[in-house]
There are 2 protein chains.
Amino acid sequence: MLTKEQLIEYSEDARKTYLDHISIDCVVFGFHEGQMKVLLLKPDDEEKWLLPGGFVQKLEPIEMAANRILKERTGLDKIFLQQFHIFGDPDRAKFHHDLYKDTVPDEENWFAKRFLSIGYYALVDFFGVVPQADQFSELCTWRDLDDMPELLLDHELIFKTALDTLRLQLNYQPIGYNLMPGEFTMPELQKLYETILDKKLDRRNFQRRILGFGILTRAEQPRKGGAHKAPYLYSFDLEKYQNALTEGFKGGW
Amino acid sequence: MLTKEQLIEYSEDARKTYLDHISIDCVVFGFHEGQMKVLLLKPDDEEKWLLPGGFVQKLEPIEMAANRILKERTGLDKIFLQQFHIFGDPDRAKFHHDLYKDTVPDEENWFAKRFLSIGYYALVDFFGVVPQADQFSELCTWRDLDDMPELLLDHELIFKTALDTLRLQLNYQPIGYNLMPGEFTMPELQKLYETILDKKLDRRNFQRRILGFGILTRAEQPRKGGAHKAPYLYSFDLEKYQNALTEGFKGGW
DNA sequence: AACAATGGTGTATAAAGTACACAATTGTAA
DNA sequence: TTACAATTGTGTACTTTATACACCATTGTT
């Protein structure tokens, strides 16, 4: 244990040495018309795009910060959020730094700092979102997964890491409750998996596997009205879904 | 884009609102005599124990910080490190805060802050480690996985999360290169898996599965001298091992 | 020389994953 | 009205992987 004097000295040292700045960047996934979408911001006077993000406030739990930030951009309140990595290269804020470096000296420029950024990914209901730009951006909108623009900073890396994590997650957790509408058909759910994985799946094997998870309830009436054979409607059995989320699927060992 | 005045005002606001403190906590796993071990610190004047940790310095990449911190505690240089979560409850530093709260006022006490902590786990060679206590601790030593003492702060949670992550990792990545000596027998490797998973595995099926990964090389001579039948010696084929690390094992989808 | 303890290898069975075929329904074009 | 394309539902054979269990080999001990 330190003495009083040691503690005060240590504290002064530490204050100079260790202060840092935490931001959160979110990869928000939505699903619409058979396409996986990501919510992006287009900053003023810039070609490239950004992930929605913000700063963690003093004493604010990071989970709460992530929810707050996403509420500002999407209007949504209770969002499926998953922390997946922290990114911490010292020069990752270079964009904002460069943008303002001729305007004000570094000492007065908040952006002339290193930002550690916590990466979250979110799975949301496409129709529930009302995209809202922030003060630095002219646009906040959905972009297709297979038509992504170039991203600023290390947001390319953050996005890729999020997608990899999501794909990995498919192997041991159910997915879809947060992305699909209340009722959906099996082919629609399959399309979700196919866009996430970026590959075709066999219709019949997909159906068997998904049903084998035991997390779906089939409605009595199929969906009428469309062309072709009327498909059955399914919904997630929330209790079993939640259980599968915590338990995980197959063991491996 | 902000004007000069807006930027300066924004920066001042931000400085007050967002400054934070980043620490790193490490769960260091070692393997010795058929037992999984974790490196722990016993602070002065405390019953409970701590994980080795430290602070990330300004402008220091976090990966580098983790390596630096572990070098101080273990003497090891190039360590297998895996970031797995960031822990950010506002009151998680309560221990140090309480410890010193009667000694100096909060403004002068570095510990009267919220610390965000990045959790890393490390897999190391047991014999390569020379445990070294820090200035706050009377002891730094290995503890058996099944004989863990109580831990301070949220280190219990950090440890559990690390173990869960490690167990999950077993399902899609090889493990052992960083934990086993250069040459080892199949039963020894099996014991590693068994202690991590905390369950018995079938000898014969384990062997087939591991060999099926194609990452082991069998030495020509078995290990002589011990009692009973002489077991074969294996070593990891580093190239194939690395490849399996990045590729992952089974797909699932 | 018999025995206990440990390690190496094989085989039968069950479960899971893959590939593919056929029937049913619905709107549309002939 | 009928043939057809498109889509969906269901089944079945085959392959691969996982699981359970049996037998033999080696080595030191009794």
Side-chain angles (χ1 to χ4, degrees), chain A residues 33-34 167-168 170-174 176 180 183-195 197 199-235 244 247-253, chain B residues 33-34 167 170-174 176 180-181 183-195 197 199-235 244 247-253:
Chain A
E33 287 182 346
R167 281 176 180 163
L168 198 61
L170 284 194
N171 292 329
Y172 55 90
Q173 284 191 333
M180 302 297 288
E183 290 198 311
F184 50 89
T185 69
M186 197 55 80
E188 287 166 356
L189 184 61
Q190 181 178 338
K191 198 83 177 74
L192 171 65
Y193 273 74
E194 287 181 339
T195 49
L197 294 166
K199 73 173 171 189
K200 287 270 167 220
L201 299 173
D202 184 280
R203 212 161 48 84
R204 298 146 281 190
N205 297 333
F206 176 82
Q207 168 137 335
R208 181 165 11 164
R209 192 147 157 187
I210 291 285
L211 289 178
F213 294 160
I215 54 172
L216 290 181
T217 313
R218 188 165 93 174
E220 293 188 12
Q221 296 302 316
R223 168 183 295 168
K224 308 262 181 166
H228 319 300
K229 177 166 184 175
Y232 283 106
L233 286 170
Y234 292 88
S235 57
E247 294 294 314
F249 282 142
K250 44 200 135 190
W253 287 98
Chain B
E33 289 183 343
R167 281 175 180 164
L170 283 194
N171 291 330
Y172 55 91
Q173 284 190 333
M180 302 298 287
E183 291 199 310
F184 49 88
T185 68
M186 197 56 80
E188 286 166 356
L189 184 61
Q190 181 177 337
K191 197 83 178 76
L192 171 65
Y193 273 74
E194 287 181 338
T195 48
L197 294 165
K199 73 173 169 188
K200 286 269 167 225
L201 299 173
D202 183 280
R203 210 162 47 87
R204 296 146 283 190
N205 297 333
F206 176 81
Q207 169 137 332
R208 182 171 6 187
R209 193 149 157 188
I210 292 284
L211 288 178
F213 293 161
I215 54 171
L216 289 182
T217 312
R218 189 167 91 175
E220 293 188 12
Q221 296 302 320
R223 168 182 295 168
K224 308 259 178 170
H228 319 300
K229 179 169 183 175
Y232 283 105
L233 285 170
Y234 291 88
S235 56
E247 295 294 315
F249 282 142
K250 43 202 140 190
W253 288 99

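Excluded from the calculations below are hydrogen atoms, water molecules and symmetry mates; all remaining heavy atoms, backbone and side chain alike, are included. Residue numbering restarts at 1 for every chain, and letters A, B, ... go by the order of the sequence lines.
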Nucleotide [N], atom [atom2] - distance to [atom1] of [X] in whole Å:
X	N	atom1	atom2	result
A/Ile210	C/dG17	CD1	P	12 Å
A/Glu188	D/dG9	CD	C1'	16 Å
B/Arg223	C/dT6	CZ	C1'	13 Å
B/Lys191	C/dT6	NZ	P	12 Å
A/Met186	D/dG9	CE	P	8 Å
A/Phe213	C/dA16	CZ	C1'	12 Å
B/Lys200	D/dA20	NZ	P	16 Å
B/Arg209	C/dG10	CZ	P	20 Å

Inset, instruction - With rounding to the nearest 0.5 Å, note down the distance linking CG in A/Leu192 to CZ in A/Phe184. - result: 9.5 Å
Inset, instruction - Can you measure from CG (A/Asn171) to OH (B/Tyr172) and round to the nearest 0.5 angstrom? - result: 9.5 Å
With sequence neighbours excluded, residues passing side chain to side chain contact (heavy atoms under 4.5 Å, CB included) with [X]:
X	result
A/Lys199	A/Leu197, A/Leu201
A/Gln207	A/Met186, A/Leu211, A/Tyr234
B/Gln173	B/Gln169, B/Leu245
B/Ala230	B/Pro222

Inset, instruction - Answer with base, sugar-phosphate or nothing: what part of the nucleic acid does A/Arg218 contact at a heavy-atom distance below 4.0 Å? - result: sugar-phosphate
Inset, instruction - Determine the contact category for A/Pro222: base if any of its heavy atoms lies under 4.0 Å from a base atom, sugar-phosphate if only primed atoms, P, OP1 or OP2 are that close, otherwise nothing. - result: nothing
Inset, instruction - Sugar-phosphate means primed atoms, P, OP1 and OP2; the rest is base. With that split, encode nucleotides 23-30 of chain C 5' to 3' as B, S or - using protein heavy atoms under 4.0 Å. - result: -BBBS---
Atom pairs, protein N/O to nucleotides 11-13 of chain D N/O, distance under 3.5 Å:
unit_1 : atom_1 : unit_2   : atom_2 : d
D/dT12 : O4     : A/Arg208 : NH2    : 3.3

Table of protein N/O atoms under 3.5 Å from nucleotides 13-15 of chain C N/O atoms:
none

Legend entry - For B/Arg203, side-chain hydrogen bond (donor to acceptor under 3.5 Å, both in side chains) partners two or more places apart: none
Inset, instruction - Using the test side-chain hydrogen bond (donor to acceptor under 3.5 Å, both in side chains), find all partners of A/Arg167 that sit at least two apart in sequence or belong to another chain. - result: none
Legend entry - Pairwise side-chain hydrogen bond (donor to acceptor under 3.5 Å, both in side chains) hits with a residue in residues 214-223 of chain B, at least two apart: B/Glu188-B/Arg223
Inset, instruction - Specify the closest pair of heavy atoms between B/Ile215 and B/Pro174, including all atoms of both residues, with the distance to one decimal. - result: CD1-CB, 3.6 Å
Legend entry - Partners meeting salt bridge (charged side-chain N to carboxylate O under 4.0 Å, His left out) with B/Arg204 (sequence neighbours left out): B/Asp202
Inset, instruction - Ignoring backbone atoms, establish whether A/Gln207 has a side-chain N or O less than 4.0 Å from OP1 or OP2 of D/dT10. - result: yes
